[in-house]
Amino acid sequence: MPRPARSLSAFVLGAVLAVPLSTVVAAPAEADHVRLPDDRRLVSYVVRPGDTASGLAVRFHAWTAELVAHNHLDGGTLHVGQRIEIPVVSKGGDRGGDRGGKKNGGAKGGRPTVWQHPDRDREKVRRVIAGAARRLDVDPQLALAIAWQESGWQMGVVSSANAIGAMQVLPSTARWMEHYAGRPLRLRTRGDNAKAGVLLLRVLSQQTNRRTHKIGAYYQGLGAVREHGLYAETRTYVANVVAIKNRLEDGRPPS
């Protein structure tokens, strides 16, 4: 499905990990040695023109961060003809429908504990995004859920379309957000990357009262959502983000 053109009225932050249209010889990706959760089913796939890691994760009901890590994708970049394995979450797998974390992972009084990432760098990203969201009056768990779906809380991810960092913000979008920040934003720093993405979420919240459209606009573009509604792929993206948000609210890991 064609994606909307990049503009201030229809920006595309969802075009993360975009695919350079270079043809390579199809070859299996290097096997990952990190054990995936038991409910993952590996599906072999040959990359086609226009595929992105986040788009494939949405289409196959998988997590972007797991897809990137499992296939050792350098910077998250895919190549046409490349053979990868997609760790699909089985239908019986937990994607947020079972809110058992409130029973098992919660603190006293029913309030869930905050899950902290064991990787130091990703935990720093989590803290910075959550802090920026609280300061800007944006739901921290929503901001974190979008950042996880986009990058797995990794600052080093830069797409071939030049979407940068944990929030996968395009430089053109950052320049727009600078008007709200009142200063230049350096997307390669944790603080400014988080601020740009969270400011965008706040702007989207002011433009639509529907949570699904706010999340969908981050992926599809606000102008395209207004004109066409949510594409089928976007609806799946929204469902993934909501599932991640539910898990984080329960004090559980995002995937």
Side-chain angles (χ1 to χ4, degrees), residues 1 3 14-19 24-101 103-105 115 117-119 122 141 144-154 157 159 168 212 215-216 219-220 230-255:
M1 180 179 298
R3 302 296 292 276
V16 295
L17 312 183
V19 183
V24 298
V25 178
E30 180 183 352
D32 185 37
H33 298 293
V34 177
R35 186 175 181 272
L36 291 166
D38 293 336
D39 64 346
R40 302 307 191 254
R41 176 172 57 89
L42 293 178
V43 173
S44 180
Y45 181 83
V46 177
V47 176
R48 301 173 183 176
D51 281 337
T52 67
S54 61
L56 290 175
V58 168
R59 191 192 315 170
F60 283 87
H61 202 60
W63 301 112
T64 303
E66 287 184 358
L67 190 155
V68 171
H70 180 73
N71 293 283
H72 298 280
L73 300 179
D74 183 16
T77 301
L78 295 172
H79 300 277
V80 174
Q82 179 182 10
R83 184 176 297 278
I84 62 173
E85 290 182 332
I86 302 175
V88 177
V89 179
S90 65
K91 291 183 178 180
D94 181 7
R95 293 186 70 86
D98 176 11
R99 302 294 295 278
K103 181 186 298 182
N104 301 318
W115 182 81
H117 202 291
D119 179 83
R122 294 193 190 188
Q141 305 301 354
L144 288 168
I146 286 177
W148 183 266
Q149 178 67 27
E150 295 285 355
S151 71
W153 300 345
Q154 298 178 89
V157 176
S159 77
Q168 284 291 275
T212 55
I215 299 171
Y219 179 75
Q220 180 179 314
L230 299 179
Y231 298 147
E233 180 178 309
T234 305
R235 288 195 294 271
T236 307
Y237 175 90
V238 171
N240 285 353
V241 169
V242 171
I244 298 169
K245 182 177 182 293
N246 289 341
R247 292 178 65 90
L248 293 172
E249 288 175 342
D250 289 342
R252 293 181 290 159
S255 64

What's the spacing between H61 NE2 and I86 CD1 if we round to 0.5 Å?
-> 13.0 Å
Looking only at non-hydrogen atoms, find the nearest pair between W63 and V89 and report the distance.
-> NE1-CG2, 3.7 Å
dist Q168:CD -> T52:OG1 (nearest 0.5 Å) comes out at 10.0 Å
Mind checking whether W148 and H117 have parallel, tilted or perpendicular rings, split at 30° and 60°?
-> tilted
Check step by step if side-chain hydrogen bond (donor to acceptor under 3.5 Å, both in side chains) holds for Y237 and E150.
-> CA-CA 10 Å; Y237 175 90; E150 295 285 355; 2.6 Å; yes
So which heavy atom on P87 is nearest to which on R40, and how close?
-> O-CD, 3.9 Å
State, to 0.1 Å, how close P253 and R247 come at their nearest heavy-atom pair, and which atoms those are.
-> O-NE, 2.7 Å
Would you indicate whether the side-chain heavy atoms of L36 and L42 approach each other to under 4.5 Å?
-> yes
Q149 side chain to N240 backbone, donor-acceptor under 3.5 Å | no
Looking at A57 and L67, what are the two nearest heavy atoms and their distance?
-> N-CD1, 4.2 Å
Heavy-atom closest pair (L78 atom, A53 atom, distance to 0.1 Å) is CD1-N, 3.5 Å
Calculate, to the nearest 0.5 Å, the distance between atoms OG and CD1 belonging to S151 and I146 respectively.
-> 11.5 Å
Are any side-chain N or O atoms of T77 and backbone N or O atoms of L73, one a donor and one an acceptor, separated by less than 3.5 Å?
-> no
CG (D250) and CD (Q141) are apart, to the nearest 0.5 Å, by 9.5 Å
Supply the atom-to-atom distance L56 CG to N71 CG, rounded to the nearest 0.5 angstrom.
-> 10.0 Å
Between R83 and S44, the two heavy atoms sitting closest are NH1-OG, 3.1 Å
Residues, nucleotides or ligands: over 12 heavy atoms within 6.0 Å of R41 CZ | no
Could you state the interatomic distance from OH (Y219) to CG (L230), rounded to the nearest 0.5 Å?
-> 11.5 Å
